[in-house]
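So the structure is just underneath, and the comments pick up after that.
Whatever order the structure lists ligands and atoms in, that order sets their numbers, starting from 1.
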Amino acid sequence: MDGFKQFCKAGIAKGLFQGRLLNPCKQGRLYTGSGVILQYHSVSHPRSSYHYLNPGLSVTPEDFERQIAFVTRYFRVVSLDQLLANAKDQEICETLFAITFDDGYRDNYIHAFPILRKYDVPATFYLTTECIDGGLFLWTSELRYLILKSPKFRMHLSSLSEEFALDTVPNRMKSLEKIKGRLGTMSRREREDVLSEVCHETGVRDMTPLKATMLNWDDVRTMCRAGMSFGSHTLSHPSLPHIPLDEAKKEIIESRESLSARLGKEISHFSYPNPGNHLNFSTELKQILKNAGYRSATTSMQGYVSHGYDPFELKRKGIYRAYSNLPDFYFLIKKEAILQRLNSFVGTKWLKSSQRTRCT
Ligand SMILES: [Zn+2]
């Protein structure tokens, strides 16, 4: 049944797009709130990023360029600051777009940055600052690399009291997701202890291919001079609601200070990391962010920015490989609006929209 629904949705998307029944030029008023924040992670070819990132979370440079060309042709792409300022204005009828990137992968600089410059559009990059400082890999990339490269067929982790199968690629992927889910709810100390054990048990010693997978400060400064903006994605990419509050505070405050010192600018924007896809924000965290001087925080929830929005609980549209071609990309952007319109015709909630996006 799910396959049939997917088939129908894909058919609707292609029909609407190709048949121009919902011409993008005339879609400004089809309800999408006052703003759409696009959420990217990686712009890369699957073969080159497979060792540090789930290929489903990236888009190819070619697809990224097609998407940027599309949004710049039919909509107005602005900075996150401008989108949030305009969304406060009740009178605004136009839907603005802002582009964001999570994590701080170096492929953002290599592949996405030249395209953003070509189309003269700004973007906000949320950085995991300890990875930019050098020496540390993003822990989700490290875990992925260790599991994928291990010569072993099974692995017992005493820290998790569990054995994991590594005999086939699907089993490695299942083990990876399971361990990532558990690490995603641990304090930094616990997570690092488990990672050390994974490193020992997998028998992987050469981590060289993981070097230079994250941006460095020279890249960041070059992009900053070209008009790109930067926000914090914490120091080390934990799931903030699952770690002690003091630790969460340190991740939030010190990452902002580090960015501010390196770039000589005030840092106003934050993105909640979402390793393991748990709920990744809370009322207490929002208060800590406000007290620390941030003005906004983006989540991994699907949706638009509308008048009366909560600046510390911003919804986005996660763009992944599954939405590579333009009809699917366009359908994702207008999904809630199109489904609402179609549901009003057929008088049912048969066409539902999922609420959560994926994340590293
Ligand atoms: Zn992230």
Side-chain angles (χ1 to χ4, degrees), residues 37-44 49 51-59 80 98-109 112 123-133 136-145 176-177 179-188 191-192 195 210 213-215 219-220 228-243 247-248 250-252 254-256 258-259 267 269-282 285 289 294 296-302 312-321 356-360:
I37 304 174
L38 301 182
Q39 176 199 21
Y40 289 94
H41 284 85
S42 163
V43 176
S44 58
S49 56
H51 61 294
Y52 63 87
L53 184 83
N54 176 347
L57 292 177
S58 66
V59 296
L80 186 59
I99 297 164
T100 65
F101 290 82
D102 278 11
D103 296 342
Y105 298 108
R106 188 149 199 267
D107 59 52
N108 295 178
Y109 175 76
T124 299
F125 297 80
Y126 296 110
L127 306 182
T128 312
T129 57
E130 283 185 352
C131 298
I132 313 301
D133 286 332
L136 282 182
F137 309 121
L138 194 68
W139 71 262
T140 49
S141 297
E142 185 178 353
L143 178 67
R144 179 178 179 84
Y145 184 78
L176 170 63
E177 288 308 314
I179 299 171
K180 195 170 82 174
R182 293 187 63 181
L183 263 64
T185 60
M186 289 180 180
S187 70
R188 180 170 187 158
R191 189 182 73 222
E192 285 175 352
L195 271 175
L210 271 195
T213 52
M214 305 304 281
L215 289 162
D219 303 332
V220 172
M228 302 298 151
S229 64
F230 294 87
S232 164
H233 199 42
T234 70
L235 294 169
S236 69
H237 206 272
S239 179
L240 293 170
H242 296 94
I243 63 175
E247 209 174 296
K250 181 180 158 78
E251 294 273 350
I252 288 168
E254 290 187 13
S255 57
R256 182 173 187 264
S258 166
L259 275 169
I267 301 302
H269 305 299
F270 183 86
S271 165
Y272 301 99
N274 192 23
N277 290 327
H278 306 285
L279 184 66
N280 59 344
F281 61 91
S282 68
L285 290 168
L289 286 161
Y294 289 98
S296 87
T298 48
T299 69
S300 299
M301 301 290 284
Q302 287 260 23
F312 292 90
E313 203 179 310
L314 294 171
K315 292 178 178 173
R316 291 187 283 182
K317 287 284 175 180
I319 311 298
Y320 307 117
R321 188 167 305 282
R356 299 283 296 277
T357 61
R358 298 161 69 196
C359 207
T360 49

Taking 2.8 Å as the cut-off, does an N/O/S atom of Asp103 lie below it from the Zn ion (ligand 1)?
yes
If I take every N, O or S atom of His41, is at least one of them less than 2.8 Å from the Zn ion (ligand 1)?
no
Side chains of Asp107 and Tyr52: donor-acceptor distance under 3.5 Å anywhere? yes
The salt bridge (Lys or Arg N to Asp or Glu O under 4.0 Å) partners of Glu247 (sequence neighbours excluded) come to none
Hits for ring-ring contact (aromatic ring centres under 6.0 Å, His included) against Phe270, two or more places apart or cross-chain, chain-then-number order -> Tyr272, Tyr294
ang(NE2 His233, the Zn ion (ligand 1), NE2 His237) rounded to 10° is 100°
On a heavy-atom basis, the closest approach of Ser300 and Asn280 is OG-ND2, 3.8 Å
